Amino acid sequence: MGITTFAGKTAFVTGGASGIGLGIAKVLAARGAQVMIADLRPDHIEDALADFAGAGQSNQVATMLLDVTSRDAYAEAAAKMQADFGGVDILVNNAGVGLEGPVLGATYADYDFGFGVNLGGVINGFVSFLPQMVAHGRGGHILTTASLAAEVVMPGWMAIYAASKAAVCHYCEAVKPDLAKENIGVSILLPGPIKSNIHETGQNRPEHLRAASGFGDSEAQLARREVGDWWMEPETVGHMCAHGILADRTYIVTHGIFREQMEARSRAVLEATPAADFQMGDGDSI
Ligand code: NAI
Ligand code: GGE
């Protein structure tokens, strides 16, 4: 069943210096957790620290620079959390990039960037922190930010993004029963549109995956996109997550706006599915 209170717990939030991650970090801190924000971007970390200082909560938060795609850096981060805090209670695998671009123009640099951060970064979180979360014996919770993009058929320009999010979603679903035996809860955050800096995705692309990218124009265009005024506030998402963690909910869904597309996808799979007692026979035609 995992976590029953946030008071005195230690949380590790990747991509915690901006957007959804920052919203989650703020709510966990307000509810008494010690929060380590781990993020790629020094500028976001600086802004986040100013936010916490303004709220008089500087003593509840610490920050570190971390690229979730670096396994060595992640191992170091986990060792530091063990040494300084006696291990983490709540791991929030939130760092992600909203990469988009024409699928016919996508290069390996684009696949490596998208899957590297959105899938690889999450797996690195599990591999780095799960051993200490099991070993300390207190139980805990792992929340992973996927997307409603994982639950609908997305347009081609979001194919890599959607595939990376579907992968983490199915991974989390599959490991949940095994982790439950260790008193570690698992939740998947499935957000719709949230106010954030996801339009800065191009800035989060590492140099070595830049030159060969086919998404340069798309990322430049995305960088000019305005944040929608009707999109959800990250702190509202944070409150939904806090509730979902305490209830050990598998899915935390922020919006109902994609219901029809979600239903259409599920229905299409079921419509292609034979009856439970169906067996392909010699006389059947395909
Ligand atoms: P954001 O860009 O405001 O925040 C993401 C943070 O992650 C940034 O501070 C960035 O510096 C950091 N980051 C990026 N790459 C990293 C890396 N390799 N290592 C460590 N940190 C890294 O964007 P947002 O929207 O808050 O994104 C958070 C998560 O939410 C992502 O996984 C995204 O895919 C997901 N999401 C966002 C939605 C939205 O509408 N904003 C909707 C559905 C999912
Ligand atoms: C708000 O910005 C983004 C973005 O740039 C990339 C991805 C997402 C938001 C989300 O993960 C989701 C929810 O908004 O993407 C979608 C999910 C379902 C249908 C359409 C989506 O985006 C167009």
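Read the numbers this way: they start at 1 and go in the same order the structure lists the ligands and their atoms. Bear in mind the structure is a predicted one, so any value in this text is a computation, not a measurement.
Other residues, nucleotides and ligands contribute more than 12 heavy atoms inside 6.0 Å of the CG atom of Asp84. The local environment of NE2 in His243 is sparse, with at most 12 non-hydrogen atoms from other residues, nucleotides or ligands closer than 6.0 Å. For Gln203, the CD atom counts as densely surrounded, since its 6.0 Å shell holds more than 12 non-hydrogen atoms of other residues, nucleotides or ligands. In Arg71, the CZ atom is not crowded: 12 or fewer heavy atoms of neighbouring residues, nucleotides or ligands sit closer than 6.0 Å. Open room surrounds CG on Leu104; 12 or fewer heavy atoms of other groups in view lie less than 6.0 Å from it. Within a 6.0 Å sphere centred on CD of Glu46, other residues, nucleotides and ligands contribute 12 heavy atoms or fewer.
Not a single heavy atom of Gly23 lies less than 4.0 angstrom from ligand 1. The shell of residues lying under 4.0 angstrom from ligand 1, judged by heavy atoms, excludes Lys195. Under a 4.0 Å heavy-atom criterion, Thr14 is not in contact with ligand 1. Using a 4.0 Å heavy-atom cutoff, Pro193 is listed among the residues neighbouring ligand 1. At least one heavy atom of Ala146 sits closer than 4.0 Å to an atom of ligand 1. Using a 4.0 Å heavy-atom cutoff, His44 is listed among the residues neighbouring ligand 1. For Tyr161, the heavy-atom gap to ligand 1 drops under 4.0 angstrom.
Considering Leu40, Val122, Leu189, Asp39 only, the shortest heavy-atom separation from atom 11 (O) of ligand 1 involves Asp39. Of the listed options Leu65, Thr201, Leu66, Ile194, Ile194 places a heavy atom closest to atom 41 (N) of ligand 1. In this structure, of Val92, Ile24, Val68, the residue bringing a heavy atom nearest to atom 19 (N) of ligand 1 is Val68.
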**Asked** Going through the distances and angles, do His44 and Glu200 end up as a side-chain hydrogen bond (donor to acceptor under 3.5 Å, both in side chains)?
**Response** CA-CA 11 Å; His44 286 175; Glu200 292 179 0; 3.0 Å; yes
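A heavy-atom distance below 4.5 Å is not found between the side chains of Ser218 and Leu222.
Using a 4.0 Å cut-off between heavy atoms, Asn94 contacts ligand 1 through both its backbone and its side chain. The side chain of Asn204, and not its backbone, has at least one atom closer than 4.0 Å to an atom of ligand 1 (non-hydrogen atoms only; side chain from C-beta on).
Close approach to Ala95 involves these atoms of ligand 1, each under 4.0 Å from a residue heavy atom: 20 (C), 21 (N), 22 (C), 32 (O). Close contacts of ligand 1 with Gly19, meaning ligand atoms under 4.0 Å from a residue heavy atom, involve 3 (O), 26 (O). Per-residue contacts place Ser147 under 4.0 angstrom from the following atoms of ligand 1 (heavy atoms of the residue considered): 43 (C), 44 (C). In the vicinity of Thr145, heavy-atom distances shorter than 4.0 Å reach the ligand 1 atoms 29 (C), 30 (O), 35 (C).
Ionic pairing of Arg205 and Glu219 is present here: one or more N-O contacts between side-chain nitrogen and carboxylate oxygen are shorter than 4.0 angstrom.
Using cut-offs of 30° and 60° for the angle between ring planes, the Phe129 and Tyr74 rings count as perpendicular.
Asn93 and Thr14 are not linked by any side-chain donor-acceptor pair at a separation below 3.5 angstrom, with hydrogens and angles left out of the test.
Taking only nitrogen or oxygen atoms, main chain and side chain alike, Ala38 does not reach within less than 3.5 Å of ligand 1. The shortest N or O to N or O distance between Thr69 and ligand 1 is not below 3.5 Å.
Ile257 and Val153 end up in different hydrophobic clusters when Ile, Leu, Val, Met, Phe, Trp and Tyr side chains are linked at under 4.5 Å. With hydrophobic clusters built from ILVMFWY side chains whose heavy atoms lie under 4.5 angstrom apart, Ile90 shares a cluster with Ile252.
Put simply, atom 24 (P) of ligand 1 has protein non-hydrogen atoms near it, under 4.0 Å away.
Judged by distance alone, the side chain of Asp39 and the main-chain N or O of Ile45 form no donor-acceptor pair under 3.5 Å. Formation of a donor-acceptor pair under 3.5 Å by the Ser164 side chain with backbone atoms of Tyr161 is found in this model. Distance alone, capped at 3.5 Å, places no donor-acceptor pair between the Ser70 side chain and the Leu66 backbone. Judged purely by atom type and a 3.5 angstrom limit, Gln132 uses its side chain to pair as donor or acceptor with the backbone of Ala78.
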N/O to N/O under 3.5 Å, ligand 2 against protein:
| from | atom 1 | to | atom 2 | distance (Å) |
| --- | --- | --- | --- | --- |
| ligand 2 | 2 (O) | Arg225 | NH2 | 2.9 |
| ligand 2 | 5 (O) | Arg225 | NH1 | 3.1 |
| ligand 2 | 5 (O) | Arg225 | NH2 | 3.1 |
| ligand 2 | 11 (O) | Ser147 | OG | 2.5 |
| ligand 2 | 11 (O) | Tyr161 | OH | 2.7 |
| ligand 2 | 14 (O) | Pro193 | N | 3.3 |

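Nearest non-hydrogen protein atom to atom 1 (P) of ligand 1 is Ser18 OG, 3.6 Å. At the top of the distance list for atom 38 (C) of ligand 1, counting protein heavy atoms only, stands Ile20 CD1, 3.8 Å. Nearest to atom 42 (C) of ligand 1 among the protein's heavy atoms is Gly192 O, 3.2 Å. Nearest non-hydrogen protein atom to atom 18 (N) of ligand 1 is Asp67 OD1, 3.0 Å. The protein non-hydrogen atom at the shortest distance from atom 7 (O) of ligand 1 is Gly15 CA, 3.2 Å.
Every pair passing ring pair (Phe, Tyr, Trp, His ring centres under 6.0 Å) that includes a residue from residues 166-217 is listed here, sequence neighbours excluded: Phe126-Tyr171.
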